[in-house]
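No hydrogens, no waters, no symmetry mates; every other heavy atom, side chains included, goes into these values. Atoms within each ligand, like the ligands themselves, are counted from 1 in listed order.
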Amino acid sequence: MGLARFGRRSSGDREASPNLYVANCGPAVGLSHDAIAAVFSRFGQVQGVFPADDTGARVIVSFSQESFAKAALEAMNGRPCPDLAGRALHIRYSMLQQHSIANESFLVSLMASELGIDGLYLWHDFVSAEEERELLAAIDDRPWTCLAKRRVQHYGYEFCYQTRNVDTRKHLGGLPPFMSAILKRISSLSDLDNATNIVLDQLTVNEYPPGVGLSPHIDTHSAFEGLIFSLSLAGPCIMEFRRYLGGAWLPKGVADTEREDSDNHPNVIRKSIFLPPRSILLLSDEARYAWHHYIPHHKIDIVNDSAIRRASRRVSFTLRKVRTGPCECEYPQHCDSQK
Ligand SMILES: O=C(O)CCC(=O)C(=O)O
Ligand SMILES: [Fe+2]
């Protein structure tokens, strides 16, 4: 997992951007990100200073407005900067696109317990690197279904994206043999009394290219029972959880893009967790029934002080149990069975 490699525009390219690529500047030459932010913020609000690559000597300074970046570039490019140890900074506009990076960095937890969401668990290194290779080889040997931005495979029952449900009359057969060891390991998870009884019978494999995420959603209550496992392979991502106080989510018919942009909804609690490859996440109880989960559509995730580039793909194995009767959960405001 490497640091982000942000590009810089060629010198002939004068197209402005709120992001500056600044070379000869960074912790490797004795300049902390805080010190860099303090100097650049004389030109306007700085949203963040990020490593441009893993040299430690090139950073991206991200301003809230293009005009601030322009003023900083004009004043500082190529001149020794007395407040940054007299170093001459080489500055260009960054070709980093605003939409390809988290536009706001907020705390990303590495452990599920830090989020304080009931029923959310994360186990790191749930599979070994060798098992990961074998699982990826097994699914790459089987046919994919192409959606608009990602590829999927369904086992046990097909998930229908139009209805966000499954047709329980159409059983595709048991889960494939390459899942046996994983299913056995899930049923022996010591922290979970109820996992031992559950017979997971539906698997959706998702393959996400870099920059592709998943719109905020709660898995349909009437479609699946209360334990949802998601194994992450091949690459990392961030998963965000959103709880809308008062139960009110945006009205039906609001496009997913608008939902994703509704970050400033006054009654939303947002929490974020880093999912490394080979980890498995469990959504149960409140995490499964009442929190929306969401994978931002970013090529680069800001995880606290690091910029982490999404790998060439992330593959997730989501394991669930198809529900045969109505859901009787304690969250009727989110429950399609109780409406
Ligand atoms: O990719 C993941 O980890 C989550 C997938 C998911 O939320 C879903 O298929 O409903
Ligand atoms: Fe989901």
Q) Which residue and non-hydrogen atom of the protein lie closest to atom 6 (C) of ligand 1, and at what distance in Å? A) L214 CD2, 3.4 Å
**Q.** ligand 1 atoms in contact with R314 (distance to a heavy atom under 4.0 Å)
**A.** 1 (O), 2 (C), 3 (O)
Q) So, are E286 and R288 salt-bridged, with charged N and O less than 4.0 Å apart? A) no
Q.
Within the structure, is a non-hydrogen atom of I295 found at a distance of less than 4.0 Å from ligand 1?
A. yes
Q) Do the charged groups of R313 and E207 touch, with an N to O distance under 4.0 Å? A) yes
Q) Which of the N/O/S atoms in D219 sits closest to the Fe ion (ligand 2)? A) OD1
(Q) Suppose I only count heavy atoms of S230 and a 4.0 Å limit; which atoms of ligand 1 are within that range? (A) 2 (C), 3 (O), 4 (C)
Q. Does Y244 have its ring centroid less than 6.0 Å away from the ring centroid of H292?
A. yes
Q: Kindly confirm or rule out an N or O of Y208 lying under 3.5 angstrom from an N or O of ligand 1.
A: yes
Q | contact_flag R320 ligand 1 heavy-atom lt 4.0 Å | A | yes
**Q.** Which residue and heavy atom of the protein sit nearest atom 7 (O) of ligand 1, plus the separation
**A.** H293 NE2, 2.9 Å
Q.
Do T204 and R320 pair up side chain to side chain, a donor and an acceptor below 3.5 Å, judged on atom types alone?
A. yes
Q. In terms of side-chain geometry, is the basic nitrogen of E240 or K271 positioned less than 4.0 Å from the acidic oxygen of its partner?
A. no
Q. Between Y161 and F159, is the gap from one ring center to the other below 6.0 Å?
A. yes
Q: Go through ligand 1 atom by atom and flag the ones less than 4.0 Å from a non-hydrogen atom of M239.
A: 3 (O), 4 (C)
Q.
Among all protein heavy atoms in this structure, tell me which lies nearest to atom 10 (O) of ligand 1, with the distance rounded to 0.1 Å.
A. H217 NE2, 3.1 Å
Q | From T220, D219, T204, N206 - option closest to atom 9 (O) of ligand 1 by heavy atom | A | N206
Q) Salt bridge between D83 and R42, side-chain N to carboxylate O under 4.0 Å? A) yes
**Q.** Those atoms of ligand 1 less than 4.0 Å from some heavy atom in S316
**A.** 1 (O), 2 (C), 3 (O)
Q) Is it true that Y289 and H221 have ring centroids separated by less than 6.0 Å? A) yes
